[in-house]
Amino acid sequence: MSTPTGGDDEYWRRPDAAYDAARPETPAAPSRPAYTGPPRTEPPSPHWRPPTVAHPPPPRDMPAQNLDALDEAEGSARTVTFGIGLVAGAIALILMCLVCGRLVF
């Protein structure tokens, strides 16, 4: 393959200094101003907070617990829970027997 100027490497050679001197220089990028940080803020007014109560009242006493009444209520709740569970289990057993009986017979 031949080059437009005829020489082997002449086409790829750098331009001479006269060509570089005739070219206009590229303008320098504008310099950015130095960052000085955020602006200073004014101090807040001394009255910007709402008034607070210095001494809150002491907590009240809790009422005394009747442990015997609590144990009785817990026992009756356990009895009701077991009763409902037994009734639900019996109903489930009867329904399962009915469904299995229809499948077998």
Side-chain angles (χ1 to χ4, degrees):
M1 176 178 210
S2 64
T3 59
T5 58
D8 289 339
D9 290 333
E10 186 132 351
Y11 183 72
W12 302 107
R13 192 173 297 160
R14 284 181 169 253
D16 56 355
Y19 174 77
D20 288 339
R23 285 178 47 192
E25 291 191 24
T26 58
S31 63
R32 300 177 82 188
Y35 180 66
T36 58
R40 296 182 135 285
T41 58
E42 304 253 344
S45 168
H47 305 292
W48 71 275
R49 289 192 176 149
T52 58
V53 177
H55 301 290
R60 298 181 304 232
D61 292 332
M62 295 289 289
Q65 294 181 351
N66 186 353
L67 297 179
D68 293 332
L70 286 175
D71 289 339
E72 185 179 331
E74 186 177 325
S76 61
R78 185 182 310 117
T79 303
V80 169
T81 302
F82 286 153
I84 291 174
L86 286 173
V87 170
I91 292 172
L93 181 67
I94 291 170
L95 288 175
M96 202 156 25
C97 288
L98 287 174
V99 170
C100 289
R102 293 190 103 197
L103 291 176
V104 172
F105 298 114

Table please: side-chain donor-acceptor pairs of residues 92-100 below 3.5 Å, with sequence neighbours left out.
none

Show me the side-chain donor-acceptor pairs of residues 33-48 shorter than 3.5 Å, one per line, residues at least two apart or across chains.
residue : atom : partner : partner atom : Å
Ser45   : OG   : His47   : N            : 3.3

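Residues that satisfy the salt bridge (charged side-chain N to carboxylate O under 4.0 Å, His left out) test with Arg78, not counting sequence neighbours, are Glu74.
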